[in-house]
Visitor: 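Starting off with a structure, shown below.
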Amino acid sequence: MKVRVLLFASLRERAGRSRFEVEVEADCRVEGLLRQLENDMPFLREVGRFAVAVNEDYAGPERPLRENDEIALIPPVSGG
Amino acid sequence: MIRLTDQPIVIDDLLKAVANPAAGAIVLFIGTTRDHNQGRRVERLEYEAYAGMAGKEIDAIAAEAASRWPIAAVAIVHRTGVVPIGMASVAIAVSAAHRAAAFEAARFTIDRLKETVPIWKKEFFEGGAIWIGDQCGREGGFVDPALAPGEPGTKG
């Protein structure tokens with residue numbers, strides 16, 4: 001199934017793109033998607049901590065993914 | 001009144017939005033862009049937002065403030081894009097029957113905004129630029145959603 005990945009701030013700049021689609025297994029969870037993304041973007045293993053949101057809500061590693069979900073990688077926020 | 005804007009924040013709009021005949025106090029917080037940070041001379045700041053989620057997170061903060069304090073209204077506006085030095089990057093107005101609730105709810109709102117709302121600040125200084133929040137050494141991995149990411153900002 002296909003899911004959409006969004007990158008922001010430092011992660012967006014390092015990846016050189018802000019959004020793309022990836023094909024994942026039907027039973028994929030957030031953690032599995034991140035492992036898969038690390039193959040294309042090894043810098044994800046080196047960068048500091050980041051959070052993940054699924055469909056605009058913060059989500060933990062066990063969160064199951066569904067077709068067309070929007071997964072955002074969220075570096076430490078610094079608004080204000 | 002809760003929104004992101006790429007235009008200068010109009011403070012009067014926030015005051016109008018929270019005006020209420022039952023309110024005896026309006027507290028206004030304005031976060032402004034500072035010309036120095038950690039010994040660096042800052043030339044400008046640029047803000048990026050995950051707009052849809054930022055709006056939802058700000059809504060949730062406003063709802064939580066309203067549930068915890070007897071306030072009449074809250075207005076929150078965050079600017080995105082380049083914000084020149086000395087300008088407002090965020091503004092929060094809270095009205096309430098009495099000042100204590102308005103002060104406390106405004107403090108809570110800005111503190112929580114800086115912890116959970118997906119907005120990022122890039123600092124441009126002489127000789128470089130950095131995303132604020134990325135500098136601290138961190139272990140790779142997940143953030144518990146209950147412990148959403150946050151860093152001390154560049155403003156007090």
Side-chain angles (χ1 to χ4, degrees), chain A residues 3-20 24 28-65 68-80, chain B residues 4 29 31-33 45-58 60 76 78-80 89-90 92 109-123 129-156:
Chain A
V3 298
R4 189 164 61 253
V5 176
L6 306 186
L7 302 175
F8 292 96
S10 55
L11 296 179
R12 172 180 57 73
E13 288 186 348
R14 288 200 66 169
R17 53 185 174 166
S18 59
R19 57 193 298 150
F20 54 91
V24 298
C28 186
R29 295 171 185 266
V30 164
E31 188 163 30
L33 171 65
L34 292 184
R35 298 290 89 78
Q36 191 174 323
L37 292 177
E38 285 172 358
N39 291 330
D40 280 344
M41 298 185 286
F43 70 85
L44 288 177
R45 296 193 194 93
E46 302 151 19
V47 298
R49 187 178 72 164
F50 57 86
V52 174
V54 177
N55 300 331
E56 303 185 348
D57 285 317
Y58 285 111
E62 299 299 321
R63 165 74 176 260
L65 300 180
N68 297 322
D69 273 353
E70 178 175 290
I71 297 97
L73 307 193
I74 298 186
V77 302
S78 53
Chain B
L4 302 176
F29 171 80
T32 53
T33 45
L45 292 169
E46 190 171 334
Y47 292 81
E48 174 175 333
Y50 179 11
M53 183 174 171
K56 285 172 67 173
E57 290 292 319
I58 290 173
I76 304 169
H78 202 298
R79 188 169 170 185
T80 58
S89 53
V90 61
I92 293 166
T109 299
I110 182 60
D111 287 352
R112 183 58 65 86
L113 181 149
K114 292 170 80 83
E115 289 170 359
T116 68
V117 178
I119 297 176
W120 300 268
K121 171 166 36 203
K122 190 174 190 180
E123 181 184 287
I130 53 170
W131 287 98
I132 303 299
D134 274 1
Q135 307 78 40
C136 300
R138 293 165 176 277
E139 298 295 316
F142 296 100
V143 174
D144 183 323
L147 301 171
E151 283 302 314
T154 58
K155 292 192 303 293

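Residue numbering restarts at 1 for every chain, and letters A, B, ... go by the order of the sequence lines.
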Visitor: Using only atom types and a distance under 3.5 Å, with no angle test, would you say the side chain of B/S89 pairs donor to acceptor with the backbone of A/G80?
Guide: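 Between the backbone of A/G80 and the side chain of B/S89 there is a qualifying donor-acceptor contact (under 3.5 Å).
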
Visitor: If you take all heavy atoms of B/T116 and A/V77, which pair is closest and at what distance?
Guide: N-CG2, 4.2 Å

Visitor: Do B/W120 side-chain atoms and A/F8 backbone N/O form a donor-acceptor pair below 3.5 Å?
Guide: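 Side chain of B/W120 to backbone of A/F8, a donor-acceptor pair under 3.5 Å: no, none is there.
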
Visitor: Does some side-chain heavy atom of A/E13 sit less than 4.5 Å from a side-chain heavy atom of B/K122?
Guide: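 With C-beta onward as the side chain, the pair touches.
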
Visitor: What's the shortest heavy-atom distance between A/A53 and B/M53, and which atoms?
Guide: CB-SD, 3.5 Å

Visitor: Heavy-atom distance under 4.5 Å to chain B: side chain of A/N55, backbone, both or neither?
Guide: backbone

Visitor: In Å, rounded to the nearest 0.5 Å, how long is the span from CD1 of A/I74 to OH of B/Y50?
Guide: 6.5 Å

Visitor: Is chain A contacted by the side chain of B/A49, its backbone, both, or neither, given a heavy-atom distance below 4.5 Å?
Guide: backbone

Visitor: Of the backbone (N, CA, C, O) and the side chain (C-beta and beyond), which part of B/E57 lies under 4.5 Å from a heavy atom of chain A, both, or neither?
Guide: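 The answer is the side chain of B/E57.
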
